[in-house]
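Presented below is the structure to which this report refers.
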There are 2 protein chains.
Amino acid sequence: MNSQPATKNLLKLDVQLCFALYSTLLGINKVYRKELQALNITYPQYLVLLVLWEGDQLNVSEICERLFLETTTLTPLLKRLEVRGLIKRQRSASDERQVIVTLTEEGQALRATAEKIPACVAGNMNCSFEEIGALRDQLVALRTNLFKNA
Amino acid sequence: MNSQPATKNLLKLDVQLCFALYSTLLGINKVYRKELQALNITYPQYLVLLVLWEGDQLNVSEICERLFLETTTLTPLLKRLEVRGLIKRQRSASDERQVIVTLTEEGQALRATAEKIPACVAGNMNCSFEEIGALRDQLVALRTNLFKNA
DNA sequence: TGCATTTATATCGCACACGATATAATATTC
DNA sequence: GAATATTATATCGTGTGCGATATAAATGCA
């Protein structure tokens, strides 16, 4: 259909995909804060744990790449996770520049508690698995383009 | 199809819609930082201007509601926009509790420069207008659910 | 009218998030 | 093998983003 004229105001807030993304993430963070409060961790910390639960013994850069974050963000975050007792940070023996991140027993154990979170968050979304999967794939495609050009 | 067993690992990073959203927003911020550098403002500041360009003379709470942000976030941000010379903040005469936000001439003038930003960002997305619109609508629906329950 | 309650904004503390920069270890080049 | 370049992480400064709390103005109610 697209009955809108070409002069449609692109600066209108509610027209913008970027704001929809931005504000939806605020809502997601809100839900996660509530859920993660019991684990005493933040959402970005939870993401680091997701990465480590898939495979341990990663250096800082590898975690950065996986999460699309900068070292500047991760270094202090990892220190907090270490203080929290969930990970260990130790320099690599073969390359002293690298810091290898490993889960502690407590960090590994936390996985069991975290298992119930995805379903809980999905409950707050009122979405079917199909919708969630489709939306995720569209976003990943968008992300690929954004990081290609930026 | 959905050939995945019910015991599929929901904690896998790349399965999660939330991480897709989170990381896509990182990419969007990256693009906007580059574009907004010329205007010497940040993306959240840009969002406040979008709101004000649609209609001036709003108090802090009204801007909060529009952007899904807390006063705690907006008060210092608005002060920075005032220092930057783009807005004025003045207590309402009829209700001294309220702070009314108004665009300065410079703030109004900035709109002309900002007009070219949406097309530029869309270019970095490599998406058709139809795809963008559809994705936006899905996200808005998701956002509605998230803020309903949280 | 007087006092408790509500409302609007501000302050504080903490945790991201990143650009600019620093530092130390490794790799490269001659 | 010494000088240079690259790589991995860390430090610093600025700007969000929010929960807990403070404060002052307006409202409600006895």
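Convention: sequence-line order gives letters A, B, ...; per-chain numbering from 1.
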Exercise for review: Determine, using the 4.5 Å side-chain heavy-atom cutoff (strictly less than), whether Leu142(B) and Val140(A) are members of one ILVMFWY cluster.
Suggested key: no
Distance in angstrom units between [X] [atom1] and [N] [atom2], rounded:
X	N	atom1	atom2	value
Leu58(A)	dT9(D)	CG	P	11 Å
Gln98(B)	dA26(D)	CD	P	10 Å
Glu96(B)	dT27(D)	CD	C1'	16 Å
Tyr22(A)	dA17(C)	OH	C1'	13 Å
Leu77(A)	dA17(C)	CG	P	8 Å
Glu70(A)	dC12(D)	CD	C1'	16 Å
Arg89(B)	dA8(C)	CZ	C1'	12 Å
Leu26(A)	dA15(C)	CG	P	20 Å

Among [options], find the nucleotide with the atom closest to the side chain of [X].
X	options	answer
Arg97(B)	dA17(C), dA26(D), dG19(C)	dA26(D)
Val99(A)	dC18(C), dT9(C), dA10(D)	dA10(D)
Thr72(B)	dC12(C), dT6(C), dT26(C)	dC12(C)
Val60(A)	dC12(D), dA10(C), dA10(D)	dA10(D)
Leu69(A)	dA8(C), dA17(C), dC16(C)	dA17(C)
Arg33(B)	dG19(C), dC16(C), dT6(D)	dG19(C)
Gln45(A)	dA15(C), dA26(D), dT9(C)	dA15(C)
Thr42(B)	dT9(C), dA10(D), dG15(D)	dG15(D)

Base, sugar-phosphate or nothing for [X]? Non-hydrogen atoms, less than 4.0 Å.
X	answer
Asn29(A)	nothing
Leu74(A)	nothing
Thr71(B)	base

Review point. side-chain contact (heavy atoms from CB on, under 4.5 Å) with Ile63(B): which of Val99(B), Leu52(B), Leu77(B), Thr71(B)?
Key: Leu52(B)
Study note, to complete from the structure: Whichever of Tyr43(A) and Ser94(A) has the more 5' nearest nucleotide on DNA chain C, that residue is Tyr43(A)
Review point. To the nearest 0.5 Å, how far apart are CG in Leu49(B) and CD1 in Ile41(B)?
Key: 5.0 Å
Do the side-chain N or O atoms of [X] get closer than 4.0 angstrom to the phosphate oxygens (OP1, OP2) of [N]?
X	N	value
Tyr32(B)	dT16(D)	no
Thr73(B)	dT16(D)	no
Lys79(A)	dT11(D)	yes
Thr75(A)	dA10(D)	yes
Arg80(B)	dT14(D)	no

Review point. Any chance CD of Glu65(A) has more than 12 other-residue heavy atoms, nucleotides or ligands included, within less than 6.0 Å?
Key: no
Check your understanding: Between Asp14(A) and Arg66(B), does at least one N-O distance fall below 4.0 Å, as a salt bridge requires?
Key -> yes
Revision key, fill the gap. What one should report as the nearest heavy-atom pair of Thr24(A) and Leu21(B) is CG2-CD1, 4.0 Å
